[in-house]
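Remarks on the structure that follows.
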Amino acid sequence: MHFLNGSALYLFAFIPLVASLHFLRLRRNRHVVPSVMFWLEAIEDMKANVPFQRIRKYFPLILQLVFLSLAVVTVARPAFRSYSPLFGQSLLILENSASMQSTESGKSRFDIAKKRALELIDQLDDRGQMMIMDTSRPPHHIRQGFTSDKEKLRRTIHELTPQHTSPEIKLILSSAAAYGKGASTGIFYIGGNAQEIPNPPPRLQKIVVGTPRENVGIVQFNVSRNPIQPRQFQILAGLRNFGSEEWQFRARLDIGGRWYDDERVTLPPGENRSIVFTIDDEGFDGLVVSLNLELKDDLALDNSAWAFLHRREPTRVLLASDRSQPLLSKMLEADANIELEEIGTQDYRGLESQDIAIFDGYAPENLPEANAVFLNPVNGLPFMPVTETTTKPVRVIYQDRVHAIMRDVPLIDLSVRESLVVQLPTWGRSLAETEKGALIWWGEHANRRYVVFAFDAFNLETSRFALLIPSGPILLSHCLEWLTVSNTTVQPDVVKVGTPVKITLSDQEAEEGVTVQLPDGSTTDISSQTSPITFAGTSLVGVYTVSIRERQIGRFAVNLLDSQESGGSSPQSGQERVESDPEGAPLGNQAQEVNREIWKYTACLGIFLLLIEWWVYHRNN
């Protein structure tokens, strides 16, 4: 222990003065009495019955001297030297993603993380400051700005709630680096995904919470029309066992809140399983279809998924091509829900009543204000330049198995003799890739959807794509289904958690205001003078209801469908943590020796002794 204000110890010089004042006696008046014998006997008798007379005589003096000593020590500001990682400015990032709601020993990971966060706040130096962030999408991630008020920081931690979204780790770390520019600013990340942080900054210290867990989740859920029998719905669910034990459970399918079908599932550890339900379209238009896994694992959020069954209207497709495309034409004509019109490229004057345009080896100068498919655009597109045309055979080495277009469409090792080497725009996403780049890709730009084939897909001299049964017809059917514009109020009506939706209203409805009821029963009011309205509050899984003046105008579903969140990162041996060595110094390069002042405790003890001295004085008088 040492003193931060050592010069105050000179005040101990007043202690002899206090002692001398105590021994001063008042002058007594003298009285002549005949005898003091009886008084002396009474005094001796009192001394015999009351022990510790000498201590009792000097007890008030002792209390006064101890009080004075404590007062001097308090003014001298006693302190202990200790190590602390929180000596200056600190940034605390608390993960509140979906995976943090998994349970372990009756507690959620989020509760464990909050406890660790409170421990860090207790380590904050008296002159240190801390900012608190969570892993929500910026700019909603800052929960408390820099402050040294520990009570305010603790209150912020207690008020944080978990979300159903994935953590925006890269964006959060970029924001943290912008706010914590000082070289001494420590950044702490508490969460189950801490070990998954790519390229962590040197000042970042990770505190991983959670243990390996047993969980089965729905990672894929799609509802589509059967391309061969359009009057049938096909419901595909992809399940995965993320644990180390085998699970046996029932997958139950409900339509409109009632049981429709189920299937017994046995899922070994670490394996995937796909189940398909086929439903005849029998007046199910607009009803909610849900899949529920009847089991009790560590994470309940991914045990349910929702979608809607809609009546499919005929899709009008325009095919602009200067050559005969018998395979493509037959695939389109085989779908009873497609109305096909074929024209030459010189006859193209824009879309009239068609919903989708397919351009074969050609791109018009003015792209239509509609969704479109481009087949082998050799001259490129306004948003996609062609760098070269390669005649060297290439093979598909990667495909996106999650996107709706590629569902049940295996294209790995598909050989293509001639293809285009293209440069994707920033909003383009690859569906299938070769060693030369994207072979099939999709994108959304200016409220339009595009699908581009960078090869002659239906030319048998180029590839055997058109002969892949059922992959070729299914991919084309999924492509047109994805490009078809829905006439529902909310688009899309099924999204992953955190994905915004658009609510299309008439001018009068937009002026009246919209109310969105969340899955937990709470409501959000939206007021806008323009349509469509973008609603980004899809942070909870379940079914949302959109209403105007208590009149329902639409619904949409939000699903988790996130393998990373369902799998959940857990600490492994050797994982970096913020812990203390045997001497009390925390690991990492952010530790520094700081002063822990204890003058508050000496001041409280001094006040307590002063009260005792007051009580002793009045008791004796």
Side-chain angles (χ1 to χ4, degrees), residues 93-103 108-111 113-114 117 132-144 156-176 189-193 196 215 217-221 288 290 298-308 402 489-503 514-528 532-547 554-569:
I93 304 173
L94 184 62
E95 182 179 333
N96 62 339
S97 63
S99 62
M100 296 297 289
Q101 299 188 50
S102 61
T103 57
S108 68
R109 281 188 176 184
F110 191 66
D111 291 335
K114 290 172 70 173
I132 296 178
M133 299 180 179
D134 62 15
T135 52
S136 303
R137 180 177 292 274
H140 307 293
H141 61 297
I142 300 178
R143 300 302 179 181
Q144 174 60 54
T156 301
I157 294 296
H158 287 303
E159 293 175 353
L160 284 179
T161 57
Q163 304 294 321
H164 297 177
T165 55
S166 301
E168 300 288 346
I169 297 179
K170 290 184 179 180
L171 296 177
I172 299 304
L173 290 181
S174 298
S175 177
Y189 185 100
I190 306 178
N193 288 291
E196 303 295 332
N215 183 54
I218 303 175
V219 296
Q220 183 181 7
F221 189 67
V288 178
S290 62
D298 290 340
L299 183 62
L301 289 178
D302 56 2
N303 292 342
S304 300
W306 299 264
F308 296 93
V402 178
T489 302
V490 183
Q491 300 177 11
D493 59 3
V494 179
V495 296
K496 291 180 62 175
V497 65
T499 304
V501 298
K502 292 183 179 180
I503 304 174
V514 176
T515 299
V516 179
Q517 182 178 6
L518 279 59
D520 60 0
S522 61
T523 58
T524 300
D525 293 330
I526 305 174
S527 58
S528 177
I533 301 173
T534 300
F535 178 73
T538 57
S539 59
L540 301 176
V541 299
V543 178
Y544 294 66
T545 302
V546 183
S547 304
R555 291 184 298 177
F556 63 96
V558 177
N559 299 320
L560 184 61
L561 305 182
D562 193 322
S563 298
Q564 180 180 352
E565 292 302 296
S566 295
S569 302

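This one's a predicted model, so the numbers in the text were calculated from it and none came from an experiment.
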Could you walk me through whether Met133 and Ser175 pass the side-chain contact (heavy atoms from CB on, under 4.5 Å) check? CA-CA 10 Å; Met133 299 180 179; Ser175 177; 4.0 Å; yes
After noting the C-alpha distance and the side-chain angles of Asn215 and Asp302, does the key distance pass the side-chain contact (heavy atoms from CB on, under 4.5 Å) rule? CA-CA 9 Å; Asn215 183 54; Asp302 56 2; 2.9 Å; yes
Test side-chain contact (heavy atoms from CB on, under 4.5 Å) applied to Val501 and Gln491, step by step: CA-CA 6 Å; Val501 298; Gln491 300 177 11; over 6 Å; no
Step by step, would you call Val516 with Ile526 a side-chain contact (heavy atoms from CB on, under 4.5 Å)? CA-CA 8 Å; Val516 179; Ile526 305 174; 3.7 Å; yes
Test side-chain hydrogen bond (donor to acceptor under 3.5 Å, both in side chains) applied to Gln163 and Ser97, step by step: CA-CA 5 Å; Gln163 304 294 321; Ser97 63; over 6 Å; no
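Partners of Arg555 according to the salt bridge (Lys or Arg N to Asp or Glu O under 4.0 Å) rule, which considers only residues two or more places apart in sequence or in another chain, do not exist here. Residues satisfying the side chain to side chain donor-acceptor pair (under 3.5 Å) criterion with Lys496, sequence neighbours excluded, are absent altogether. Residues satisfying the side chain to side chain donor-acceptor pair (under 3.5 Å) test with Ser166, not counting sequence neighbours, are Asp562. Residues satisfying the side chain to side chain donor-acceptor pair (under 3.5 Å) criterion with Thr156, sequence neighbours excluded, are absent altogether. The ring-ring contact (aromatic ring centres under 6.0 Å, His included) test applied to Tyr544 returns Phe556, not counting sequence neighbours. For Asp134, the side chain to side chain donor-acceptor pair (under 3.5 Å) partners two or more places apart in sequence, or in a different chain, are Asn96, Ser136, Arg143.
Remark: side-chain polar atoms of Ser522 are not paired, donor with acceptor, to backbone N or O of Leu518 under 3.5 angstrom. One N or O on the side chain of Asn559 and one on the backbone of Trp306 form a donor-acceptor pair closer than 3.5 Å. Between the side chain of Lys114 and the main chain of His158, a donor-acceptor pair closer than 3.5 Å is present.
Counting heavy atoms from C-beta outward, Ile172 and Pro167 have side chains that stay 4.5 Å or more apart. Residues Ser99 and Phe110 are not in side-chain contact: their nearest non-hydrogen atoms beyond the backbone lie 4.5 Å or more apart. Taking the side chain as every heavy atom from C-beta outward, Ser566 and Leu560 approach each other to under 4.5 Å. Using a 4.5 Å heavy-atom threshold, the side chains of Ile190 and Ile93 count as separate. For the pair Phe308 and Val543, the minimum side-chain heavy-atom distance is below 4.5 Å. Taking the side chain as every heavy atom from C-beta outward, Val497 and Leu540 never approach each other to under 4.5 Å. Looking only at side-chain heavy atoms (C-beta outward), Pro532 and Ile503 stay at 4.5 Å or farther from each other. Using a 4.5 Å heavy-atom threshold, the side chains of Arg109 and Glu95 count as separate.
Neither side chain, Thr135 nor His141, offers a donor N or O lying under 3.5 Å from an acceptor on the other.
Taking OG1 of Thr538 as the start and NE2 of His164 as the end, the distance is 12.0 Å to the nearest 0.5 Å. In this structure, CZ in Phe221 is found 10.0 Å from OG in Ser304, a value given to the nearest 0.5 Å. To the nearest 0.5 Å, atoms CG (Asp493) and NZ (Lys502) are separated by 15.0 Å. One distance of note links CE of Met100 with CG of Leu301; it measures 13.0 Å at 0.5 Å rounding.
Nearest heavy atom pair, residue Ala307 against residue Ala557, reads N-CB, 4.4 Å. Residue Pro500 comes nearest to Thr534 through the heavy atom pair CB-CG2, 4.0 Å, listed as atom of the first residue, atom of the second, then distance. The nearest pair of heavy atoms linking Leu299 to Ser102 is CD1-N, 3.8 Å. Heavy atoms only, all atoms of each residue included: Ala305 and Ile218 are closest at N-CD1, 4.0 Å.
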